Amino acid sequence: MIATHRTQVAIVGAGPSGLLLGQLLFKAGIDAVIVERQSAEHVRSRIRAGVLEQVSIDLLDEAGVGQRMHREGLVHTGFDLLFKGERHRIDLQQLAGGQHVMVYGQTELTRDLMDARQASGLTTLYEAQQVQIHDYDSARPRVTCEHAGKSHIIECDFIAGCDGFHGVCRASVPRDRIMEFEKVYPFGWLGLLADTPPVHHELIYVNSPRGFALCSQRSTTRSRYYLQVPLTDKVEQWSDEAFWQELRLRLDPQARDHLVTGPSLEKSIAPLRSFVTEPMRFGRLFLAGDAAHIVPPTGAKGLNLAASDVKYLAGALIEHYQERSNAGIDHYSDRCLRRIWRAERFSWWFTSLMHHFPENGAIGQKLQEAELDYLIHSESGARTVAENYVGLPLSFGEA
Ligand code: RFL
Ligand code: PHB
C-alpha cells in the first residue's frame, strides 16, 4: 500500500522548530505536513530548555500559542553570577534597555504547539520510520517514509529539515556541498528536575573550583539544577543524595541554607558542543534549529536560535507564496548564520568563563575569577553580558 500526500511544505521533525514553523505557515494559509520519527508521547515528555528571549516570546504570540506562556511563564529581569563564594546580580532590565527573559519549559511550549496543531486538524505522521528526502535540487522534492504499516510519499514544493542534530536532512547533503564547524567540550551537564521550590527566585550561574553549576526552575514549585560532570560519568553513578551534596558544595552559604531537596523526577547527562553548518539552504531544502547548529546550553540560546531560524524561514516561504518573491529564500542562510555565529560566540565564551577546565590548572581558575570580577564591576562589561543574554535584536547591525 502506498499513500501519496501533496503539500506545499514537508517538515521533517516535530521538535520546537518543526511545530512552530507548521503553526506559522498554517496561520498564513500555507499547507504543511510534519513527519516525526518518535511518538507524540515521547516528543511531549522531553525535558530540555527553559529560557525564552523576547524574540521567541513575540514569535509564539504571532503563532497564536502564547496565551498559557503569558499566564504561567515567569518573567525574569535578572540573574545571579556566583563566584569566589559570592553572588552578584546581573540586572537585565537596567542593563539591556528594559528587556527581560521568560522562564517557560520547552516541554510546555511543545505541548502548546502540539495542542494547537491537533485542534486545527493538521497532518502529523508520528512514529514515521525510514524517513528519506529526495530531489530537493529539483522543482518537485519528495519525502518518503513508512508509517502505520504503509509506505508514504509526500510530494511538496519545499522541505524543511527541522530534525535536530541527529536527523536525516543534514546527513543527506553530499559532503562536498556542506561545511561543518565543531568543538566538543571535555565535560557534560548532569541535570535534575524536582518538585521542590527553587533555591532562589532567579537563576544562579555558578563558577566554582569544583565545576560549574546552574540553579534554574520551571515554576515556583519545580526546580531544575545542573552540575558540570566529566564525560566519563554515567547517570546511574549519581544518586539523588550525591547530586544534592555536590550542588551544596558549589553554592554560597545562603543558597546552601535555602536549598530544598527532594526525589528527582528526571536525571540525565547532556554533552556540550558548539557546532555550525554552512550553508543552511540546498536548493529547496532548508535546515533549521538543531539540525543546523548546536550551542552549549550555558547561554540558554539553543531554542531561541531555533525560533529565529523559523521566523526567517516562515517569512521567506510566505513571501514566496504571497508575493512571488524569492528574496527571503535567497537570503535565508546568510541572515540566519549572522545571528547564529553571534550566539555561538557568546555561548562559547560564557561556557569557557564559567566551567572548570582541569588542564588550565590553578591559574585558569584565578583568571576566570578576575574576568568575572571585572565584568560585574564595569558597567560596559555587565552590559555586554546582559545584552547577549536577553538576545541581540533581529536587525542587529543591518543597514
Ligand atoms: P529537536 O528538539 O532536537 O527536535 C528535532 C525533532 O526531529 C525528530 N527527528 C526526526 N524526525 C523524522 N525523521 C528523522 N530521521 C528524525 N530525526 C530526528 C526528533 O525526534 C525531534 O522530535 O530540534 P529543534 O526543533 O531544532 O529544537 C531545538 C531545541 O530543542 C534545542 O536547541 C534546545 O533544547 C537547547 N537547549 C536550550 N535552549 C534554549 O534556548 N534555552 C535553554 O535554556 C536551553 N537549555 C537545551 C537546554 C538543551 C539541552 N539538551 C538536553 C541538549 C538544556 C539542555 C540540557
Ligand atoms: C534550564 O532551565 O533548563 C536552563 C536554563 C538556563 C540555561 C540552560 C538551561 O542557560
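No hydrogens, no waters, no symmetry mates; every other heavy atom, side chains included, goes into these values. Computed from a predicted model, the values in this text were never measured in an experiment. We count ligands from 1, going down the list as the structure has it; atoms in each ligand are counted the same way.
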Notebook entry, point to check: Which one holds for Val131 and ligand 1: side chain close, backbone close, both close, or neither close, with close meaning a heavy atom under 4.0 Å?
Noted result: side chain

Check: Can you check whether His88 and Phe83 have ring centres sitting under 6.0 Å from each other?
Finding: yes

Next item on the list: Ignoring angles and geometry beyond distance, decide whether Leu303 reaches within less than 3.5 Å of ligand 1 through its nitrogen or oxygen atoms.
Entry: yes

Check: What atoms of ligand 2 come within less than 4.0 Å of a heavy atom belonging to Arg48?
Finding: 3 (O)

Check: Out of Glu127, Gln106, Gln129, Arg273, who gets a non-hydrogen atom closest to atom 30 (O) of ligand 1?
Finding: Gln106

Notebook entry, point to check: Can you list the ligand 2 atoms lying under 4.0 Å from a non-hydrogen atom of Val51?
Noted result: 5 (C), 6 (C)

Note to self: Test of understanding: given a 4.0 Å heavy-atom threshold, classify the contact between Phe165 and ligand 1 as side chain, backbone, both, or neither.
What the structure shows: neither

Item checked: Sub-4.0 Å atoms of ligand 2 with respect to non-hydrogen atoms of Ala300 -> 6 (C), 7 (C), 10 (O)

Note to self: Is it the case that ligand 1 has an N or O less than 3.5 angstrom from some N or O of Trp189?
What the structure shows: no

Margin query: Tell me whether ligand 1 is touched by Gly191 - counting only heavy atoms on the residue side and a distance under 4.0 Å.
Written below: no

Margin query: I need the contact type for Ala128 against ligand 1. Using non-hydrogen atoms and a strict under-4.0 Å cut-off, is it side chain, backbone, both or neither?
Written below: neither

Checklist line | Short N-O contact, Glu266 and Arg224, less than 4.0 angstrom | finding: yes

Check: Using heavy atoms and a threshold below 4.0 Å, how should the contact between Asp290 and ligand 1 be classified: side chain, backbone, both, or neither?
Finding: both

Checklist line | For Val55 against Ser308, the heavy-atom pair lying closest together | finding: CG1-CB, 4.5 Å

Item checked: Cluster link Leu21 to Ile329, ILVMFWY, side chain under 4.5 Å -> yes

Item checked: Polar atom proximity, Gln38 to ligand 1 (N or O, under 3.5 Å) -> no

Margin query: What protein heavy atom lies closest to atom 20 (O) of ligand 1? Include the residue and the distance to one decimal.
Written below: Glu36 OE2, 2.6 Å

Next item on the list: Heavy-atom distances under 4.0 Å are what count here, so tell me which part of Arg46 touches ligand 1: side chain, backbone, both or neither.
Entry: side chain

Next item on the list: For ligand 1, indicate whether the residue Val35 contacts it via side chain, backbone, both or neither (heavy-atom separation under 4.0 Å).
Entry: backbone

Notebook entry, point to check: Hey, looking at atom 45 (N) of ligand 1, which of Ala49, Gly289, Pro271 has the closest heavy atom?
Noted result: Ala49

Item checked: Six-ring centre of Phe350, Lys301 cation under 6.0 angstrom, axis tolerance 45° -> no

Check: Considering only heavy atoms of Val12, which atoms of ligand 1 have at least one such atom less than 4.0 Å away?
Finding: 12 (C), 13 (N)

Item checked: Test of proximity, Pro297 against ligand 1: N or O pairs below 3.5 Å -> no

Note to self: Gly167 versus ligand 1: do any nitrogen or oxygen atoms come within less than 3.5 Å of each other?
What the structure shows: no

Notebook entry, point to check: Measuring from the heavy atoms of Arg218, does anything fall under 4.0 Å of ligand 2?
Noted result: yes

Check: Quick check: does Gly18 get an N/O under 3.5 Å from an N/O on ligand 1?
Finding: no

Note to self: Looking at non-hydrogen atoms alone, which of Leu203, Ile34, Asp163 comes nearest to atom 7 (O) of ligand 1?
What the structure shows: Asp163

Margin query: Less than 4.0 Å from atom 18 (C) of ligand 1, is there any heavy atom belonging to the protein?
Written below: yes

Item checked: ligand 1 N/O within reach of Arg224 N/O, cut-off under 3.5 Å -> no

Notebook entry, point to check: Do Phe212 and His356 have ring centres separated by under 6.0 Å?
Noted result: no

Check: Which of the atoms of ligand 2 are close to Tyr205, meaning less than 4.0 Å from one of its heavy atoms?
Finding: 6 (C), 7 (C), 10 (O)

Note to self: Under 4.0 Å, counting heavy atoms only: does Trp189 come that close to any atom of ligand 2?
What the structure shows: yes

Notebook entry, point to check: Near Thr298, which atoms of ligand 2 are under 4.0 Å from a heavy atom of that residue?
Noted result: 10 (O)

Next item on the list: Say whether Arg89 and Thr77, considering side chains only, have a donor N or O and an acceptor N or O under 3.5 Å apart.
Entry: yes

Check: Between Tyr225, Tyr226, Tyr104, which one has a non-hydrogen atom sitting closest to atom 3 (O) of ligand 2?
Finding: Tyr226

Check: Between Phe158 and Phe286, how do the two ring planes meet: parallel, tilted or perpendicular, split at 30° and 60°?
Finding: tilted

Item checked: Leu203: numbered ligand 2 atoms lying under 4.0 Å from its heavy atoms -> 5 (C), 6 (C)

Check: ligand 1 and Gly302, any nitrogen or oxygen pair closer than 3.5 angstrom?
Finding: yes

Item checked: Heavy-atom gap Glu53 to ligand 1 smaller than 4.0 Å -> no

Checklist line | N or O contact, His166 vs ligand 1, cut-off under 3.5 Å | finding: no

Check: Do any nitrogen or oxygen atoms of Pro297 lie less than 3.5 angstrom from nitrogen or oxygen atoms of ligand 2?
Finding: yes

